[in-house]
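Report on one structure; see the data block that follows.
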Amino acid sequence: MSTETRSPSDPPALRKPSGPLPVGTLVAGCFAVCLAQIALAMPATLNGLFQEDLHPVGSQLTWISDAFLLPVTVLELTFGVLGDLFGRKRLLVGGGALLVVGEALAAASTGIHMLWVGQAIAGLGAAALFPTSLAVIAAGTHTARDRARTITIWAAALSSGGFVAPVLGGITGNYGSWRWAFIVVTGLALVSTVLSQLLAQNSSAPEGRSLDLAGQITIGVGMFALLYAVIQGPSDGWTATPVVIAYVVAAVFIGLFLAAESRAAAPLLRLDLFRNRAFAVASFVAVVGMFSYLGTAYATSIRLGPIQHQSPLRGSFAFILLNAWTLVLLPLISRLLEKVSARWVLGVGLALMAAGDFTAATLSVHDRALTSLILPIGLVGIGFALTVSSITATAVNTVEVHYAGMASASTSLLRDFGFTLGPAVIGAVALSRAADEFTRKLAGSGLGDQVKAAAGQVAAEGGPLAVNSVPATSPPGGAAPIALEALGNGYAVGYVVCGIAALVCSLLSVVALRGKAEETAMEGITAEEETAGI
């Protein structure tokens with residue numbers, strides 16, 4: 001943290017705070033991060049309604065989630081630097097305004113492509129709000145005790161957003177339409193923008209901060225190309241020219257990103273940290289472990305929505321199970337991390353996630369009882385609560401103290417990358433498996449030639465999800481049971497993939513992650529401060 005004293009001539013809003021953290025700043029920052037998390041998590045509860053209303057084909061449903069997640073992943077750290085350079089209040093107000101525009105555009109969408117654009121703009125806003133909301137709060141505190149208290153409140157607001165999102169999506173989707181969910185979030189974003197403008201105290205920390213434009217551009221292009229290839233592969237074909245070109249572009253630009261980061265004075269991702277074997281393993285766990293969690297959430301949303309056609313209100317039950325534990329267990333986990341090495345907390349959390357995924361994979365696609373989800377999804381939710389609270393502490397504890405901020409920031413980037421990969425990879429694996437099984441079983445079924453031809457035509461355009469959604473009385477409707485089974489088996493494989501990923505990460509966490517000392521509460525606070533750029 002910089003200890004430089006600003007000149008009396010500096011603008012009052014940018015002077016180092018001399019009193020307690022203003023309540024208005026705390027309210028504005030917490031409301032902003034809660035809003036960003038609601039906007040991120042809510043669409044997952046509405047996938048069934050998107051399928052029914054917009055009739056997305058192939059991978060289009062997956063892009064609804066990743067259109068939001070991609071800008072969050074690629075731009076979150078850059079927005080943190082922009083806040084340090086030009087003032088964090090501007091970023092809070094600007095991020096809220098982008099969310100207003102994006103969510104309003106999504107609510108007014110007349111087709112899937114317009115919804116993508118709205119989600120992408122909203123994702124830009126969330127990318128600004130996530131780091132800035134923490135930085136503006138932490139910048140207004142003076143002591144470790146005050147900072148610990150405010151960061152805990154900020155974390156509770158973030159967790160609350162994950163809890164509120166499925167309830168909001170379920171209620172609005174069940175009693176109105178999916179558009180009402182976006183309208184409500186638009187209103188919340190407008191409130192957040194006004195609160196930030198009226199209540200937030202400005203702050204900045206430009207000393208030693210600079211933008212890494214080369215790194216930002218290369219990683220942005222590389223990640224978009226990689227996601228495009230992974231998501232479009234099942235529908236376009238893995239050897240299709242656009243998919244192959246996307247993989248080549250991804251490889252080239254990720255290579256350019258690594259080259260740019262090795263030369264940058266203020267790199268987006270600190271490559272030198274990966275010389276530390278333990279940190280490299282921790283980074284792998286951050287990516288793959290978070291991929292496992294969001295892949296599980298995405299598979300569950302597809303199972304309850306487009307596959308089983310359950311209402312958004314019923315579907316929200318699973319997402320409450322996934323997200324509520326983080327809020328409920330926050331005080332307990334905070335104390336646990338003070339007593340036990342974070343790598344053990346992380347290992348146990350990932351093991352619970354694996355157990356939940358393997359259990360979910362055994363559920364029959366015909367089982368519509370919400371009580372059947374309590375054990376598997378509850379295990380994943382508890383495991384995630386343990387994991388997300390300890391993963392940064394684990395990574396920070398593997399490096400020298402003066403690298404703590406760099407390690408925390410790098411882990412945040414990799415964690416969000418894992419979140420982005422979850423829907424992309426699991427959607428690709430599940431839909432590819434389901435399409436192969438549907439084609440094979442349809443050909444070997446006793447259905448009439450007319451039904452087979454009609455179902456094959458629908459599947460060619462929209463895959464098994466489209467066949468599963470046609471009216472039972474229509475010609476292709478006779479093949480809907482085959483599509484249902486194929487989709488159930490496909491997403492069961494998706495759960496297994498998530499479970500294997502979590503299990504591997506659990507073993508790595510326990511065996512390979514050994515920091516030089518047990519982490520303490522103060523180290524965790526320091527890491528968060530430096531991540532925020534204070």
Side-chain angles (χ1 to χ4, degrees), residues 43-45 47-48 50-51 56 58-66 69 227 229-235 238 287-310 315 318-319 321-322 350 352-368 372-373 375-381 383-384 418-441 462-468 483-506:
T45 64
N47 278 321
F50 295 146
Q51 182 70 38
S59 59
Q60 290 183 341
L61 196 61
T62 305
W63 277 111
I64 296 175
S65 295
D66 273 333
L69 286 167
L227 286 174
V230 171
I231 293 173
Q232 293 300 127
S235 56
W238 295 108
V287 174
V288 180
M290 296 305 98
F291 149 78
S292 174
Y293 170 74
L294 212 62
T296 301
Y298 182 74
T300 303
S301 73
I302 299 299
R303 171 188 170 89
L304 296 175
I307 296 178
Q308 293 186 335
H309 301 299
Q310 299 209 48
F319 290 92
L321 278 177
L322 280 172
L350 288 162
L352 290 174
M353 288 171 58
D357 279 315
F358 292 142
T359 304
T362 65
L363 296 177
S364 169
V365 72
H366 301 286
D367 185 352
R368 296 171 56 88
S372 301
L373 295 174
L375 177 61
I377 301 304
L379 285 173
V380 174
F384 176 70
F419 280 142
T420 308
L421 283 178
V425 174
I426 297 305
V429 169
L431 289 176
S432 181
R433 174 66 179 264
D436 290 344
E437 181 177 330
F438 175 77
T439 301
R440 184 178 68 256
K441 289 187 175 181
L465 279 174
V467 178
N468 184 58
L484 178 65
E485 288 287 346
L487 289 167
N489 293 333
Y491 279 93
V493 173
Y495 281 124
V496 171
V497 170
C498 291
I500 292 173
L503 184 59
V504 169
C505 289
S506 175

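If you're wondering where the values come from, they're calculated on a predicted model, not measured in any experiment.
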Go through Tyr495 and Thr300 one step at a time and tell me if the side-chain hydrogen bond (donor to acceptor under 3.5 Å, both in side chains) criterion holds. CA-CA 9 Å; Tyr495 281 124; Thr300 303; 2.9 Å; yes

What's the shortest heavy-atom distance between [X] and [Y], and which atoms?
X: Ile377; Y: Leu322; value: CG2-CG, 3.5 Å
X: Arg368; Y: Gln310; value: O-NE2, 3.3 Å
X: Ala354; Y: Gly499; value: CB-O, 3.4 Å
X: Pro376; Y: Ala360; value: CB-N, 3.6 Å
X: Val365; Y: Arg303; value: CA-NH1, 3.9 Å
X: Phe438; Y: Pro464; value: CB-CG, 4.2 Å

Value rounded to 0.5 Å, distance of [atom1] in [X] from [atom2] in [Y]:
X: Cys498; Y: Tyr293; atom1: SG; atom2: OH; value: 11.5 Å
X: Ile426; Y: Leu421; atom1: CD1; atom2: CG; value: 10.0 Å
X: Leu304; Y: Phe319; atom1: CG; atom2: CZ; value: 7.0 Å
X: Ile231; Y: Asp66; atom1: CD1; atom2: CG; value: 4.5 Å
X: Phe419; Y: Leu294; atom1: CZ; atom2: CG; value: 6.5 Å
X: His309; Y: Ile307; atom1: NE2; atom2: CD1; value: 9.0 Å

Please answer whether the main-chain N or O of [Y] pairs with a side-chain N or O of [X] as donor and acceptor at a distance below 3.5 Å.
X: Ser506; Y: Ala502; value: no
X: Thr362; Y: Thr359; value: yes
X: Ser292; Y: Val288; value: no
X: Gln308; Y: Asp367; value: yes

So Tyr491 and Tyr298, would you call those rings parallel, tilted or perpendicular, with 30° and 60° as cut-offs? tilted

Please test Phe291 against Val497 for side-chain contact (heavy atoms from CB on, under 4.5 Å), starting from the C-alpha separation and ending with a verdict. CA-CA 10 Å; Phe291 149 78; Val497 170; 4.1 Å; yes

Show, in sequence, the C-alpha distance, side-chain angles and deciding distance for Glu437 and Val493, and conclude whether the side-chain contact (heavy atoms from CB on, under 4.5 Å) test is met. CA-CA 12 Å; Glu437 181 177 330; Val493 173; over 6 Å; no

Assess the residue pair Phe384 and Leu352 against the criterion (side-chain contact (heavy atoms from CB on, under 4.5 Å)); give the C-alpha distance rounded to whole Å, side-chain angles, the decisive distance to 0.1 Å, and a yes or no. CA-CA 8 Å; Phe384 176 70; Leu352 290 174; over 6 Å; no

Name all residues meeting the side chain to side chain contact (heavy atoms under 4.5 Å, CB included) criterion together with Pro306; count only those two or more places apart in sequence or in a different chain, and write none if there are none. Asn47, Gln51, Leu61, Ile302, Leu465

